[in-house]
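Only one structure is covered here, and it is reproduced in the block below.
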Number of protein chains: 2
Amino acid sequence: MVTVEHNAAVAVELVVFTVLDEQLAVLAAVRQVMPFRNRLELPGGFLLPDEDLPEAAERELWEKTRIESARVYLEQLGTYASADRDPRGRVVTVAYLALVPGMSADLTGGSALTEGGRTHEQDDGEDGPELPEERAAEAEWVPADELLDDPDSLAFNHHRILGDGVERVRARLEYSSLGTLFCADEFTIGDLRKVYEAVWDTTIDPRNFHRKVSGTADFVVETGRVTSGEGGRPARLYRLGDVTVLNPPLRRPA
Amino acid sequence: MVTVEHNAAVAVELVVFTVLDEQLAVLAAVRQVMPFRNRLELPGGFLLPDEDLPEAAERELWEKTRIESARVYLEQLGTYASADRDPRGRVVTVAYLALVPGMSADLTGGSALTEGGRTHEQDDGEDGPELPEERAAEAEWVPADELLDDPDSLAFNHHRILGDGVERVRARLEYSSLGTLFCADEFTIGDLRKVYEAVWDTTIDPRNFHRKVSGTADFVVETGRVTSGEGGRPARLYRLGDVTVLNPPLRRPA
DNA sequence: GCAAAAGTGTTTAGCTTACACCCATGT
DNA sequence: ACATGGGTGTAAGCTAAACACTTTTGC
């Protein structure tokens, strides 16, 4: 068997989005080692032997956030290999986009993450091997706008990767029903509208949005239950439907 | 300076499309070495030291096809690293999509490419430059349909990469003016329509297409010249315009 | 004249937008 | 009663699909 010569260190990096406090938020951690020590970075790590790329992305997501992949959408975002992007040598990074629920009670209750603050992530040893040169940092949700506004807020070329991720998730919400993944298991159409408004950073007419969503077959399915005590007429509760591609799309304003 | 351990061989692969004979065609070469000897493969090669990914893609395009990057569109398509995709070891492949003109006289005349699968056309005397690499084969244009229909027609996982490439170029034509890159320097709106029909494998109403293209600002710009002797009323000739994003898009039929 | 391809006009249908208006709850 | 958010109705405007029709060449 002929073998090939390895010429790079391949890593995966995650751009994990959620919607918290009606804002698009991304998962970032304070980097503990040089280079870029004390700078925020996107979670990620090197590919393990015999590991596929989606596998590696799922593993990193679990290790860094304890988020199960069941309710998570993962999609390859792009690959970055600028020779000068990592001062330590030749690193090729495959970035993945991940969308996780933000309003879900079980997520905020059952994970080590806190909203807008820092919390310790317990490393109870049953997961994969710790990377030798990188200690686990505390991951936290940071508003995407905050990081986008300052090109030096993130380590390496992560600012560019984040920018690509934001553009991708904004486009995905136009042409797919993936926005429902940011909601809890049951949600109102108003909840979903707030997700769209957060990601697109715009306002949407509630009446037209309601008609569009409820009129698209299988976008959302009624559960029969309604909300109560939210300060207005009770809203019908929905679960996400089967449709992933919206036709016609929900165009965002120019 | 800390260094990182290399854990994979990173390569770039090209899905080079053109439109020949009113068909979407892709560049492929007969593989000369094991594994997958005598199978068709997409052109590509390993990343060189200190080389960026777009650089490597441009270099491979030039080495394999002698196509200058001036009139070529290059875009990252995706990265593939299935552990079993290459029997020789751990290979991570970054695939690039390339669009090159197909009706251009200088392309068909000055390259070593043949049109229409394995059948040589008229370049009997001028065999084209022998490619310097030892395992380089003669690249040829193959109709994309032909390869898509047979999952075993291509080496490695190239069939899947080609499928992703076809889907990408079809989507690009909806939302961008990149279809003009498949045309010669000067082209008629009918030429452009034939490009769309070839890529989408459909028929388009010539009148509505004409109105749509000529009515979109900067999609195409008139040269003032017209065709003659094409068997009908002379058509105005156009060059590609500045616009890359079509708003509203040119939707393909479902 | 006739075929063929280019280009224009017109009708119809579907979708989006803006907004008037009603519904059902908490206080 | 009134504020608040949920939900429906409707008319105007834009876009695309379908197709009748005119234009300009080669034969």
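Since the model is a prediction, treat every value here as computed from it, not as a measurement. Every chain is numbered from 1, with letters handed out A, B, ... down the list of sequences.
- The closest side-chain donor-acceptor pair between A/Tyr238 and A/Asp191, if any, does not fall under 3.5 angstrom.
- Remark: P of D/dT15 and CG of B/Leu246 are 14 Å apart, rounded to the nearest angstrom.
- Residues A/Asn157 and A/Arg160 bring no donor and acceptor atom of their side chains to less than 3.5 Å of each other.
- Phosphate contact (OP1/OP2 of D/dA17, side-chain N/O of B/Arg251, threshold under 4.0 Å): absent.
- Between A/Asn247 atom CG and C/dT16 atom C1' there is a gap of 15 Å when expressed in whole angstrom units.
- Looking at B/Ile189 and B/Lys212, their side chains never come closer than 4.5 Å, going by heavy atoms from C-beta outward.
- Straight-line distance from the CG atom of A/Asn208 to the C1' atom of D/dA12: 13 Å, rounded to whole Å.
- A heavy-atom distance below 4.0 Å to DNA chain C is reached by these residues of residues 223-236 of chain B, ordered by number: B/Gly231, B/Gly232, B/Arg233, B/Pro234, B/Ala235, B/Arg236.
- Under the 6.0 Å cut-off for aromatic ring centres, B/Tyr175 and A/Tyr175 qualify, their centroids lying closer than that.
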For B/Arg170 and B/Asp201, what are the C-alpha separation, side-chain angles and deciding distance, and is it a salt bridge (charged side-chain N to carboxylate O under 4.0 Å, His left out)? CA-CA 10 Å; B/Arg170 283 180 174 159; B/Asp201 192 25; 5.4 Å; no

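- Look at CZ on A/Phe209: it is 15 Å from C1' on D/dG5, rounded to the nearest Å.
- Residue A/Arg251 qualifies as enclosed at atom CZ: its count of foreign heavy atoms under 6.0 Å is above 12.
- The separation between B/Asp191 atom CG and C/dA6 atom C1' is 12 Å, rounded to whole Å.
- In this structure, the side chains of A/Leu178 and A/Thr244 stay at 4.5 Å or more apart for every pair of heavy atoms.
- When heavy atoms are screened at a 4.0 angstrom cut-off, A/Pro253 is found touching no nucleic acid atom at all.
- Nearest nucleotide to the side chain of A/Arg207, out of C/dA18, C/dA20, D/dC19: C/dA20.
- Under 3.5 Å, the side chain of B/Arg211 and the base of C/dG9 form at least one donor-acceptor pair of N or O atoms.
- Side chain of A/His210, nearest nucleotide from C/dC19, D/dT8, D/dC21: D/dT8.
- Proximity note for A/Pro248 (side chain, C-beta onward) versus C/dT16, D/dA18, C/dT17: the nearest is C/dT16.
- Remark: C1' of C/dT17 and NZ of A/Lys212 are 12 Å apart, rounded to the nearest angstrom.
- In terms of modelled atom types and a separation under 3.5 Å, the side chain of A/Asp21 and the main chain of A/Gln23 share no donor-acceptor contact.
- Between the axis at the start and the axis at the end of the helix from C/dG1-D/dC27 to C/dT27-D/dA1 there is an angle of 10°, using five pairs per end and rounding to 10 degrees.
- For B/Asp205 and D/dT15, the CG to P distance is 18 Å, given to the nearest whole Å.
- Between the NZ atom of A/Lys194 and the P atom of D/dT4 there is a distance of 14 Å, given to the nearest Å.
- In terms of modelled atom types and a separation under 3.5 Å, the side chain of B/Arg168 and the main chain of B/Gln76 share a donor-acceptor contact.
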